[in-house]
Amino acid sequence: MAALKSEVRAYIVQMVACSDSPSQVIESIQKEFGMQPVRRNRVQSDVSHSQCR
């Protein structure tokens with residue numbers, strides 16, 4: 001996986017701090033920087049699992 005430039009990382013942090021949704025952040029990055037960020041799947045935890053107690 002390629003590392004993001006500092007400029008892009010700062011932009012993402014700023015957008016998240018302003019409570020923008022992940023989809024808004026991705027759309028904005030596409031427009032602002034002309035790049036296609038990779039969407040990660042959410043990890044769902046099983047709270048009934050013994051290690052979660």
Side-chain angles (χ1 to χ4, degrees):
M1 179 186 337
L4 294 174
K5 294 180 181 179
S6 297
E7 176 184 15
V8 177
R9 285 187 287 175
Y11 189 83
I12 292 169
V13 169
Q14 193 172 35
M15 291 195 71
V16 171
C18 292
S19 301
D20 289 340
S21 71
S23 58
Q24 289 173 316
V25 173
I26 290 171
E27 184 179 324
S28 184
I29 290 170
Q30 290 170 341
K31 289 178 183 177
E32 186 73 26
F33 298 100
M35 58 186 295
Q36 179 70 32
V38 175
R39 292 180 188 228
R40 294 192 178 245
N41 292 333
R42 292 184 189 160
V43 176
Q44 194 170 22
S45 62
D46 181 4
V47 294
S48 65
H49 193 274
S50 63
Q51 290 181 347
C52 294
R53 293 181 186 178

What residues, two or more places apart in sequence or in another chain, satisfy side chain to side chain donor-acceptor pair (under 3.5 Å) together with Ser19? none
On a heavy-atom basis, the closest approach of Gln24 and Met15 is O-CE, 4.0 Å
Would you give me the side-chain donor-acceptor pairs under 3.5 Å for residues 6-14, sequence neighbours excluded?
{"residue": "Ser6", "atom": "OG", "partner": "Arg9", "partner atom": "NH2", "Å": "3.1"}
{"residue": "Arg9", "atom": "NE", "partner": "Leu4", "partner atom": "O", "Å": "3.4"}
{"residue": "Tyr11", "atom": "OH", "partner": "Ser28", "partner atom": "OG", "Å": "2.5"}

CD1/Ile26 to NZ/Lys31 distance, rounded to the nearest 0.5 angstrom? 13.0 Å
